[in-house]
Amino acid sequence: MFNNYDSEALIKCYRMLAKKCEALDRFIQNHAFHFGVTDCEFGSFDVCNNIIDLMTRKNRLINLKVIVDKAIDVLSENDKKVIFIKMHYNLSMAEICEILELKERTAFRRIEKAIENLTASLNNSKYSEKLDYIMRDEEWIERIRDEIKAKRMALKFRHQ
């Protein structure tokens, strides 16, 4: 089961997915070019396995994007707007408030509700098991989730 920390981490890492896939493509090409035809310490079998591993990782990241896109598709227009703003821009709360034309507390509640709805959509998705597998394999996403959780807990304790 996914929680709001997982969903927020997915929102935060979403804009990085295309760049990571492009970087993997370049790495695969360079790896194949430099090691694929030369006789060096790497055997062709090892080179092939490395390329397959990189291609598998790229496929996982593409699947992750598709799964998140499908989960967002079923959200309301208001939730989609909030999620879109959170995904594609690294904005302060003041900037988000200005875009949404809301007071800070209302914007915060709207963001929280959109994240809750995304979490429910991810949990109700037929791809939730695959998404869980992908997130466990991509440690950088787990690190983002842990950072978000730590920040939220610190805020929670500060307000108590």
Side-chain angles (χ1 to χ4, degrees), residues 1-36 40-75 79-93 95-96 108 110-159:
M1 294 290 288
F2 298 100
N3 59 41
N4 291 351
Y5 304 123
D6 295 319
S7 295
E8 196 166 348
L10 288 172
I11 290 168
K12 192 169 184 170
C13 76
Y14 185 90
R15 69 176 176 265
M16 296 179 236
L17 294 175
K19 289 180 183 177
K20 284 198 177 277
C21 286
E22 289 171 13
L24 283 168
D25 277 340
R26 284 191 303 275
F27 194 79
I28 290 167
Q29 289 171 348
N30 288 337
H31 198 67
F33 179 74
H34 292 293
F35 298 113
C40 63
E41 64 186 84
F42 297 107
S44 60
F45 185 76
D46 290 335
V47 171
C48 182
N49 282 337
N50 289 340
I51 290 172
I52 289 170
D53 289 344
L54 292 168
M55 291 173 70
T56 300
R57 182 160 187 222
K58 179 185 173 196
N59 189 38
R60 265 197 321 263
L61 295 177
I62 291 169
N63 285 336
L64 174 64
K65 184 183 180 310
V66 170
I67 292 168
V68 173
D69 285 341
K70 287 181 184 290
I72 290 171
D73 281 347
V74 300
L75 298 178
D79 288 345
K80 287 178 186 177
K81 184 177 182 180
V82 170
I83 297 291
F84 179 80
I85 290 169
K86 291 277 291 173
M87 278 179 162
H88 293 285
Y89 306 102
N90 193 16
L91 302 176
S92 68
M93 184 55 84
E95 293 168 317
I96 292 172
F108 180 79
R110 173 96 44 95
I111 291 167
E112 288 298 306
K113 187 66 177 163
I115 291 170
E116 287 174 14
N117 291 338
L118 178 60
T119 300
S121 180
L122 290 168
N123 282 323
N124 293 330
S125 167
K126 64 182 180 180
Y127 304 107
S128 62
E129 283 183 35
K130 185 166 186 74
L131 181 58
D132 186 47
Y133 166 77
I134 292 169
M135 286 183 71
R136 276 187 276 120
D137 271 3
E138 295 295 328
E139 293 174 14
W140 65 282
I141 298 173
E142 287 190 336
R143 281 193 304 275
I144 290 172
R145 184 205 49 223
D146 293 343
E147 289 171 12
I148 290 167
K149 186 175 183 178
K151 285 179 186 176
R152 294 289 179 127
M153 296 305 241
L155 281 174
K156 189 176 182 180
F157 288 125
R158 203 173 347 155
H159 290 288

> Do Leu131 and Asp6 touch side chain to side chain, with heavy atoms closer than 4.5 Å?
Replying inline: no

> When rounded to the nearest 0.5 angstrom, what distance separates CZ in Arg60 from CD1 in Ile134?
Replying inline: 7.5 Å

>> Check this for me, if you would: do Arg57 and Asp53 make a salt bridge, where the nitrogen-to-carboxylate-oxygen distance has to be below 4.0 angstrom?
In response: no

> Does the side chain of Leu17 come within less than 4.5 Å of Glu138's, by heavy atoms?
Replying inline: no

> Among all residues two or more places apart in sequence or in another chain, which pass the salt bridge (Lys or Arg N to Asp or Glu O under 4.0 Å) test with Glu147?
Replying inline: none

> With no hydrogens and no angle check, is any side-chain donor or acceptor of Thr56 less than 3.5 Å from a backbone partner on Ile52?
Replying inline: yes

> Does any pair with a residue in residues 12-26 pass salt bridge (charged side-chain N to carboxylate O under 4.0 Å, His left out), and if so which ones, sequence neighbours excluded?
Replying inline: Asp25-Lys58

> Ignoring hydrogens and geometry, is there a side-chain-to-backbone donor-acceptor pair from Asn123 to Met1 under 3.5 Å?
Replying inline: no

> What distance do Asn59 atom CG and Leu54 atom CG have between them, rounded to the nearest 0.5 Å?
Replying inline: 12.5 Å

> Rounded to the nearest 0.5 Å, how far apart are CD1 of Ile148 and OH of Tyr5?
Replying inline: 10.0 Å

>> For Glu8, run the side chain to side chain donor-acceptor pair (under 3.5 Å) check against Lys149, Lys151, Arg145, Arg152 and tell me which one passes.
In response: Arg152

> Any side-chain heavy atom of Leu24 sitting closer than 4.5 Å to one from Leu61?
Replying inline: yes

>> Keeping Ser125 on the side-chain end and Ser121 on the backbone end, is there a donor-acceptor pair under 3.5 Å?
In response: no

> How about Met55: does its CE atom have over 12 heavy atoms from other parts shown lying under 6.0 Å from it?
Replying inline: no

> Roughly how far, to the nearest 0.5 Å, is NZ of Lys86 from OG of Ser7?
Replying inline: 12.0 Å

> Is the closest side-chain heavy-atom distance between Glu95 and Ile85 below 4.5 Å?
Replying inline: no

>> Is there a side-chain contact between Met93 and Ile111 in this structure, where contact means two heavy atoms from C-beta onward sitting under 4.5 Å apart?
In response: yes

> CG/Asp79 to NZ/Lys113 distance, rounded to the nearest 0.5 angstrom?
Replying inline: 8.0 Å

>> So, using ring-ring contact (aromatic ring centres under 6.0 Å, His included) as the criterion, who are the partners of Tyr14 when residues are at least two apart?
In response: His88

>> Within the structure provided, determine whether Ile141 and Leu64 are in side-chain contact (heavy-atom separation under 4.5 Å).
In response: yes

